[in-house]
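Comments concern the structure below.
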Amino acid sequence: MKFLSLKASHYAALLFSKRDLSFSSKTQLSKPPIQKTFFKSSSKDGLISRLCEDKKYKEAIDILCDQKRLREAVQLLNRIQRPSALIYSTLLQCCLKERDLEQGRRVHDHIRASGFVPGLFIFNRFIDMYAKCGSLGDAQKMFDEMPDKDLCSWNTMISGYAKVGPVDEARRLFDEMPERDNFSWSAMISGYVRQDRPREALEFYRMMQKSQTFKSNKFTVSSALAASAVVPCLRSGKEIHGYIMRTGLDSDEVVWSALMDMYGKCGSIEEARRVFDKMGNRDVVSWTAMIDRYFEDGRREEGFALFSELMSSGIRPNEFTYAGVLNACADHAAEDLGKQVHGYMTRLGFDPFSFAASALVHMYSKCGNIENAKRVFKGMPKPDLVSWTSLIVGYAQHGQPNRALQIFELLLKSGIKPDHVTFVGVLSACTHAGLVDKGLEYFSSIKSKHKLNRTADHYACIVDLLARAGRFEEAEKIINDMPIKPDKFLWASLLGGCRIHGNVELAKRAAEALFVIEPENPATYVTLANIYATAGMWSEVAKVRKTMDERKVVKKPGLSWIEIKREMHVFTVGDMSHPKYNVIHEFLKKISKRMREEGYVPDTNFVLHDVEEEQKEQNLSYHSEKLAVAFGIISTPPGTPVKVFKNLRTCVDCHTGIKFISKLVQRKIIVRDSNRFHCFENGSCSCGDYW
DNA sequence: TTAGGGTTAG
């Protein structure tokens, strides 16, 4: 399972941070400008009852809706003799906003029972509410029942089918429409964008441009820019930019944001920044988009610096902002910074129902602080599927796979339906626990019990599980019978299993498949060579190395990093550039001697080169995770846990070595590698040597 | 007095 994916650009950022290791002083976040808390407003019950006594129901309903007390607001209907259209409209709008279909239906029932005859306006509100609450059937029924339809009814239907439902159905309606206007066109374009069909969105945009009757406006260009960003297509984005400048649409801030975001997503980050700098009215969306584009581009320092600037600008961050920054913290395992962001969120107030809260669970989970992840999760009034899944994955990767499975069972009891990502977490928990048969059961339940389609990820997980356990025949049967094409993750898992069990023949097949899919990935060559090396097949090792040279494949450098006092220290294999290198080296030399006395024997199988044993041992002692662990130990007081992060999987020898180190120095050593967490304590590891 | 746009996670 892909856990920590570092793109080439991320490497650049990490390597850059070797020279300038700390988050710059600008990144030290300043004091928050606003002190305000959501969900702590004093109860307005007294006022509401007074208003009801005075029969001022509309005002009472307004307050209840404002406080998200929709159920009570709808209940008030029973006390009103003849509710006005305005009251129904307010309630429907609130149902729509809260996506509360149940209350929406209750309003509908009330209208039917009361004999109120809805006009066009209320009909349109109903269509909108039903469609956006996900009940397209009801929306369609209302639409068909309407005695008269206006352009707005048609547009509401189109925007509801295109937004949440099948966009092709919206297209059918669009074609059937007696007349169209700008709303109809923009609803279609944005619908295609939302349904992840950006090329068709652009096609629609061009069709509109070509038609003489309709002119593009700020709505259609923003959607078209979003479509260009998703493709991504810089050329069409630039074309739209030109159109915007020619037609004066650049007076709108949303258009500017869309423009900036498009440049960022099309890889022109500098151009995005130029647009951002030129913007007259930057709002929280434009700030958030710019910050996220930096993170996406691996420019962590700039992203955090801009976030810090936002915090002092007086503009209040929203859940998108928090989610973006927290995810960057999660990716870079920057827990201290993540905690700081959490502190700001608590002080400024954040919606515990929102995905900012789930981003917190994710951040703590991925940084290995499962206790905090659990604490945040427990504080959520209604944890969403993402939070549940984050916690499951967190436990799975943190050496408590059985706990992960317990959480999954609790999720099922809560009534929330798991999706395919949840099952990736569940299957990976089984893998980490070595629960092969249990994993097979879950795998089969995805389709039979939960009625979900099994994805390539699920197949990769199950093959991983079987291959690690050495059950290659079953793994091969699943591969042969699967209805979808095996992907690179599946073959890589199989190859990994072959490495553990020294299955040379199957390894060759898996590697061949990988060479077709991604000939540029050095990991395949390295693993295959290691399998040959373990089997003593040195001529084959040489062949693999030759192929690597011919195809100009370069081995991905192993990187480990450690955060000490909010400063990031990055190490590569045999790294001598760190200012404290001498002390680190001295420490490693001394501890190696004590490790041998305790019975440690270096495992030299996993060194690619066919060199003398002694030299191989030398190479191993310089692996980046050992350097980072050593630096962590010498830089912190005795007893402090050491937390190290690695971009690749940890090697067998380092794994054994760190077990010894944890015992000798009496420290808890946590290593997050590209696949999971290893928690070393007193000579053993939480993964139970299963990774 | 209804319908259309930009930031988003496991």
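Keep in mind it's a predicted model, so treat the numbers as computed, not measured. To find a chain, count down the sequence lines: A is the first, B the second, and so on, and within it residues start at 1.
- Atom CD of A:Glu319 and atom P of B:dG10 are 16 Å apart (whole Å).
- The base of B:dG5 lies outside donor-acceptor range of the side chain of A:Asn217, with no N or O pair under 3.5 Å.
- Judged by ring centres under 5.5 Å apart and planes tilted less than 30 degrees, A:Phe183 stacks against the six-membered base ring of B:dA3.
- For A:Lys163, the listed nucleotide lying nearest its side chain is B:dG4; candidates were B:dG10, B:dG6, B:dG4.
- Proximity note for A:Val421 (side chain, C-beta onward) versus B:dG10, B:dT8, B:dG4: the nearest is B:dG10.
- Between A:Glu203 and A:Arg206 there is no salt bridge, since none of the side-chain N atoms of the basic residue sits less than 4.0 Å from a carboxylate O of the acidic one.
- Checking B:dT7, B:dG4, B:dG6 against the side-chain heavy atoms of A:Asn318 singles out B:dT7 as nearest.
- For B:dG10, the base has no donor-acceptor partner in the side chain of A:Asp384 [N/O atoms by modelled type, under 3.5 angstrom].
- In this structure, A:Phe143 places its CZ atom 19 Å from P of B:dT2, rounding to the nearest Å.
- Distance from the side chain of A:Arg293 is smallest to B:dT7 among B:dG6, B:dT7, B:dT2.
- A:Thr422 comes within 4.0 angstrom of a nucleotide base, judged by non-hydrogen atoms across all strands.
- Taking side-chain N and O atoms only, A:Lys149 has no distance below 4.0 Å to OP1 or OP2 of B:dT2.
- With rounding to whole Å, A:Phe350 atom CZ is found 16 Å from B:dT8 atom C1'.
- At the heavy-atom level, A:Ser286 lies under 4.0 Å from base atoms of the strands shown.
- With a 6.0 Å radius and a threshold of 12 heavy atoms from other residues, nucleotides or ligands, A:Arg199 has its CZ atom at or below the threshold.
- We find that A:Glu270 and A:Arg299 are joined by a salt bridge, their nearest charged nitrogen and carboxylate oxygen being less than 4.0 Å apart.
- The phosphate of B:dT7 has OP1 or OP2 within less than 4.0 Å of a side-chain N or O from A:Lys265.
- Atom CE in A:Met279 sits about 13 Å away from atom P in B:dT7, given to the nearest Å.
- Side-chain N/O atoms of A:Ser159 include one lying less than 4.0 angstrom from OP1 or OP2 on B:dG4.
- Comparing B:dT2, B:dG5, B:dT8 by their closest approach to the side chain of A:Asp252 singles out B:dG5.
- Nearest nucleotide to the side chain of A:Ser186, out of B:dG10, B:dG6, B:dG4: B:dG4.
- Considering only the side chain of A:Val386, B:dG10 comes nearest among B:dG4, B:dT7, B:dG10.
- Between A:Arg235 and A:Glu239 there is a salt bridge, since at least one side-chain N of the basic residue sits less than 4.0 Å from a carboxylate O of the acidic one.
- Atom P of nucleotide B:dT2 and atom CH2 of A:Trp154 are separated by 21 Å, given to the nearest angstrom.
- Comment: A:Glu176 engages A:Arg172 in a salt bridge, judged by a side-chain N to carboxylate O separation of less than 4.0 angstrom.
- Contact between the side-chain N/O atoms of A:Arg282 and the OP1/OP2 oxygens of B:dT7 is not found at any separation under 4.0 Å.
- Each of B:dG10, B:dT2, B:dT8 was ranked by its minimum atom distance to the side chain of A:Phe121; first place goes to B:dT2.
- Of the listed nucleotides (B:dG6, B:dT7, B:dG4), B:dG6 has the atom at the smallest distance from the side chain of A:Asp283.
- In terms of polar N and O atoms assigned as donor or acceptor, the side chain of A:Ser257 comes within less than 3.5 Å of the base of B:dG6 in a complementary pairing.
- With salt bridges taken as basic N to acidic carboxylate O contacts below 4.0 Å, one links A:Glu271 and A:Arg274.
- Taking every side-chain heavy atom of A:Asn182 into account, B:dG4 is the closest of B:dG4, B:dT7, B:dG10.
- Salt bridge A:Asp297/A:Arg293: absent, no basic N to carboxylate O contact under 4.0 Å.
- For B:dG10, the OP1/OP2 oxygens have a side-chain nitrogen or oxygen of A:His362 closer than 4.0 Å.
- Distance CG (A:Leu92) to P (B:dT2): 14 Å, rounded to an integer number of Å.
- A donor and an acceptor atom never sit less than 3.5 Å apart when one is taken from the side chain of A:Ser390 and the other from the base of B:dG10.
- Distance CD1 (A:Ile416) to P (B:dA9): 19 Å, rounded to an integer number of Å.
- Seen from the ring of A:Phe174, A:Arg180 counts as a face-on cation partner, given the 6.0 Å and 45° thresholds.
- For A:Ser222 against B:dG6, no side-chain N or O and base N or O form a donor-acceptor pair under 3.5 Å.
- Across all strands shown, A:Leu326 has no heavy atoms under 4.0 Å from either base or sugar-phosphate atoms.
- Between the CZ atom of A:Phe126 and the P atom of B:dT2 there is a distance of 17 Å, given to the nearest Å.
- Across all strands shown, A:Arg180 has no heavy atoms under 4.0 Å from either base or sugar-phosphate atoms.
- Looking at heavy-atom distances under 4.0 Å, A:Asn124 makes contact with a base.
- Within the nucleic acid shown, A:Val255 comes within 4.0 Å of at least one base atom, counting heavy atoms only.
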